[in-house]
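Sequence lines set the chain letters: A, B, ... in the order given, protein chains first and strands last, and positions in each chain run from 1.
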Protein chains: 2
Amino acid sequence: MNDQRLITILHARSVKPTAMRLLVLDMLAQQETAISLSDLEEQFDKVDKVTLYRTLKTFEQHKIIHSIDDGTGSAKYALCSEGCECNPGDLHVHFHCQLCKRTFCLTDYTIPAVNLPQKFVLKEMNMVMKGLCEDCST
Amino acid sequence: MNDQRLITILHARSVKPTAMRLLVLDMLAQQETAISLSDLEEQFDKVDKVTLYRTLKTFEQHKIIHSIDDGTGSAKYALCSEGCECNPGDLHVHFHCQLCKRTFCLTDYTIPAVNLPQKFVLKEMNMVMKGLCEDCST
DNA sequence: AAAGCCATGCAACCGATTTGCAAAGTTATG
DNA sequence: CATAACTTTGCAAATCGGTTGCATGGCTTT
């Protein structure tokens, strides 16, 4: 993605476009699946993991990315769609492949509504499906 | 719960009823919400955490309890219903209260089905709702 | 009673995440 | 332009939940 577009994304979410952030955002934009901090680290020649960690935190707080708990013990991160506010209604299902270990954002699959018992107030939700992805099921 | 019933439960799942296991099972049966290994440890005067850990693992393998990943970073455990085989169809929704930090098994609320994209094969799933529980929402 | 197996307890390790702190870079102010 | 104030970055080290190795102890089997 060209720098100007990256800067625009950051600007739209009030995050200052440092060199590091542009690199990380660009890398995230290139992924076709959600990636972990360690995955991200491996894609760079030489970066400090803690800096990446803090960059991801900043992005997450500003809703540039969302984090996914796929149950593997390491959080995954993926770009939010434009204008996403990470509200329950915006949320999509995630799929973790038990074979290739990739975690997919099924952005077109919204989490179905569940009636909660009386007086339970819903703020967030997480739905992860696990099994075999399209590449691994055949 | 009386010892005989506890022994029956263990026996039904082919787990030998040691003193430790009976204590742990009884404690789990007393909980109204799912608890973590650390929670469990605190409820005893003096036990080895690793023994509790292994006891929980044994129970989980034999489907006496199920583990819940509520996204807090510490796994929670709760008794399975009788005859549970932990198949996708048996699964219920869990609710984590962001205020009191308790995690509820909503056993009457089954996880709704989601159509997956072509060729994705579903094996397991996890659905966690977060917000305020009945005691904290008022 | 001896041999074998399983359960328990303690020490120590592991990976992911998080914090502390100082150095480097940026921005605001005089 | 120079300095002060603030933010970001890099490195070290701590934390935390989960896990493994190994020796001891108890029960079962022969």
Under 4.0 angstrom between A:Thr18 side-chain N/O and D:dT9 OP1 or OP2: yes
First of B:Lys16 and B:Lys76 reached from the 5' end of DNA chain D, by closest nucleotide: B:Lys76
Enclosure of B:His11 NE2 (heavy-atom neighbours >12, cutoff 6.0 Å): no
Base D:dG18 paired with B:Arg54 side chain (donor-acceptor, <3.5 Å): no
B:Ala75 side chain, from C-beta outward: closest of D:dG10, C:dT8, D:dG18: D:dG18
Nearest-Å distance for atom pair CG/P, residues A:Leu56 and D:dT9: 12 Å
Listed nucleotide nearest any side-chain atom of A:Ser38, set D:dC11, C:dA16, C:dG9: C:dA16
5' precedence on DNA chain C between B:Val50 and B:Val15 (nearest-nucleotide basis): B:Val15
Geometric class of the A:His66/A:His94 ring pair [parallel <30°, tilted 30-60°, perpendicular >60°]: tilted
Nearest-angstrom distance from the residue atom CE of A:Met20 to C1' of C:dA23: 17 Å
B:Phe95-B:Tyr109 aromatic ring centre distance below 6.0 Å: no
Separation of atom CG in A:Asp39 from atom P in C:dT17, rounded to whole Å: 10 Å
Whole-Å distance separating the NZ atom of B:Lys46 from the C1' atom of C:dT8: 11 Å
Identified salt bridge (Lys or Arg N to Asp or Glu O under 4.0 Å) counterpart of B:Asp70 within the set B:Lys76, B:Lys130, B:Arg102, B:Lys101: B:Lys76
Pair B:Phe120 + A:Phe104: ring centers closer than 6.0 Å: yes
Whole angstrom value for the distance that separates P of C:dA7 from CG of B:Leu23: 16 Å
Touch class at under 4.0 angstrom, heavy-atom based, for B:Lys57 against every strand present: sugar-phosphate
Integer-rounded Å distance: C:dT8 P and B:Lys49 NZ: 18 Å
Residue A:Tyr53, side-chain atoms from C-beta onward, closest of C:dT19, D:dC11, D:dT20: C:dT19
Gap between atoms CG and P, on A:Leu22 and D:dT9 respectively (whole Å): 10 Å
Closest nucleotide among C:dG9, D:dG18, C:dT8 to the B:Arg21 side chain: C:dT8
Length of the CG-P vector between B:Leu10 and C:dA7, whole Å: 11 Å
Selection from D:dG18, D:dG21, D:dC11 that lies nearest to any side-chain heavy atom of B:Leu37: D:dG18
Sugar-phosphate only, base, or nothing, as touched by B:Thr51 at under 4.0 Å among non-hydrogen atoms: base
